[in-house]
Amino acid sequence: AFRGYDYIVGPSGSCVLHIKQHLHHEDETTAAQIRSRVYEFTEFLTDVLKVKTIDARFPHRVGLHQSCHGQRGLHLSQMSELVAEPFSKPEQLLNMVEGLQLARLDRKDECCGFGGTFCVFEESVSAKMGKDRVADHERQGVEVITGADMSCLMHLEGILKRQQSPIKVMHIAEILNGA
């Protein structure tokens with residue numbers, strides 16, 4: 001389905017990583033070409049389009065959830081366990097949004113516990129990990145949690161709703177679009 005396109009851009013790091021690592025076809029050359037043209041949304045904006053400014057306004061305190069797939073698989077941000085220069089493609093983009101105040105989390109790259117089937121087979125561990133992530137954002141007084149991975153955001157939003165929290169969850173594309 002994606003053969004004729006120059007770029008394939010996905011809004012979810014875990015889905016993009018899955019395609020990059022696992023897309024195979026009887027014509028392996030075609031599959032390799034498709035894998036090389038698949039980008040996560042923030043990766044596409046920073047690495048391909050090389051966006052330097054964004055005409056968006058979002059006057060809210062925001063917490064950024066760095067997903068494991070995006071961080072460790074797609075290298076959208078630096079892992080804290082490495083002694084290396086810090087970077088974050090999603091954070092770079094959010095810093096271009098007028099009025100947005102990005103909260104500094106205590107553990108900015110901690111897993112939310114979703115992890116695909118992990119949340120099914122280890123439900124209580126997954127829920128506790130998600131609650132820990134939410135608590136970090138709450139301690140920082142955020143109004144919105146954002147990220148580049150829909151599965152993580154869905155997991156965190158479920159926890160927030162069960163806790164009847166006023167914190168909203170928005171995909172980074174919504175904020176960059178000036179929501």
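Residue K128 comes nearest to D132 through the heavy atom pair NZ-OD1, 2.7 Å, listed as atom of the first residue, atom of the second, then distance. Residue L160 comes nearest to V169 through the heavy atom pair CD1-CG2, 3.5 Å, listed as atom of the first residue, atom of the second, then distance. Contact detail for P11 and M150: the closest heavy-atom pair is O-CG, 4.0 Å. L176 and L93 get closest at one heavy-atom pair: CD2-O, 3.8 Å. The shortest non-hydrogen separation linking H65 to L156 is CG-CD1, 4.0 Å. Taking both residues in full, the closest heavy atoms of E143 and P59 are given as OE2-O, 4.5 Å, listed atom of the first, atom of the second, then distance.
Checking side-chain atoms of D136 against main-chain N and O of D106 turns up a donor-acceptor pair under 3.5 Å. No donor-acceptor distance shorter than 3.5 angstrom exists from the side chain of R72 to the backbone of M79, with no hydrogens or angles considered.
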Show me the donor-acceptor pairs within less than 3.5 Å that the side chains of residues 36-47 make with the rest of the protein, sequence neighbours left out.
| from | atom 1 | to | atom 2 | distance (Å) |
| --- | --- | --- | --- | --- |
| S36 | OG | Q33 | O | 2.7 |
| R37 | NE | Y5 | O | 2.7 |
| R37 | NH2 | R3 | O | 3.0 |
| R37 | NH2 | Y5 | O | 3.4 |
| E40 | OE1 | T42 | N | 2.9 |
| E40 | OE1 | T42 | OG1 | 2.5 |
| E40 | OE1 | E43 | N | 2.9 |
| E40 | OE2 | T42 | N | 3.1 |
| E40 | OE2 | T42 | OG1 | 3.4 |
| E43 | OE1 | E40 | N | 2.9 |
| T46 | OG1 | T42 | O | 3.0 |
| T46 | OG1 | E43 | O | 3.4 |
| D47 | OD1 | K89 | NZ | 3.4 |
| D47 | OD2 | K89 | NZ | 2.6 |

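Within 6.0 Å of NZ on K168 lie no more than 12 heavy atoms contributed by other residues, nucleotides or ligands. At most 12 non-hydrogen atoms from other residues, nucleotides or ligands lie less than 6.0 angstrom from CG of D55.
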Could you walk me through whether H24 and R35 pass the side-chain contact (heavy atoms from CB on, under 4.5 Å) test, one step at a time? CA-CA 9 Å; H24 298 286; R35 286 192 307 266; 3.8 Å; yes

What verdict does the side-chain contact (heavy atoms from CB on, under 4.5 Å) test give for I159 and R162, after you've listed the backbone C-alpha separation in whole Å, the side-chain angles of each residue and the deciding distance to 0.1 Å? CA-CA 5 Å; I159 291 166; R162 281 189 289 287; 3.8 Å; yes

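Residue C68 holds its SG atom at 9.0 Å from CG of D149, rounded to the nearest 0.5 Å. Remark: L153 CG to S12 OG distance equals 8.0 Å, nearest 0.5 Å. Of the inter-residue distances, the one linking L17 atom CG with H22 atom NE2 reads 7.0 Å to the nearest 0.5 angstrom. Separation of atoms NE2 (H171) and CG (N177) is listed at 12.0 Å; rounding is to 0.5 Å. Put simply, CZ on F58 and CD1 on I175 are 4.5 Å apart, with the number rounded to the nearest 0.5 Å. Taking CG from L64 and NZ from K108, the interatomic distance works out to 9.0 Å, rounded to the nearest 0.5 Å.
In terms of the ring-ring contact (aromatic ring centres under 6.0 Å, His included) criterion, H25 has no residue partners (sequence neighbours excluded). In this view, S77 and Q66, Q71, S88 satisfy the side-chain contact (heavy atoms from CB on, under 4.5 Å) rule, not counting sequence neighbours.
Hydrophobic clustering places I8 together with L23 (ILVMFWY residues linked when any side-chain heavy atoms are closer than 4.5 Å, directly or through intermediates). Both I54 and V9 are members of a single hydrophobic cluster when ILVMFWY side chains are connected at heavy-atom separations under 4.5 Å. V16 and Y7 fall into different hydrophobic clusters, defined by Ile, Leu, Val, Met, Phe, Trp and Tyr side-chain heavy atoms under 4.5 Å apart, directly or through other members. Side-chain heavy atoms closer than 4.5 Å link hydrophobic residues (I, L, V, M, F, W, Y) into clusters, and following such links, possibly through other members, connects L74 to I34.
For the pair Q163/E138, a side-chain contact is recorded, criterion being any heavy-atom separation below 4.5 Å from C-beta on. Using a 4.5 Å heavy-atom threshold, the side chains of R107 and R133 count as touching.
Of the candidates I145, T146, V97, T146 is the only one forming a side-chain contact (heavy atoms from CB on, under 4.5 Å) with V62. Exactly one of L102, L76, I172 qualifies for a side-chain contact (heavy atoms from CB on, under 4.5 Å) with E91. That residue is L102.
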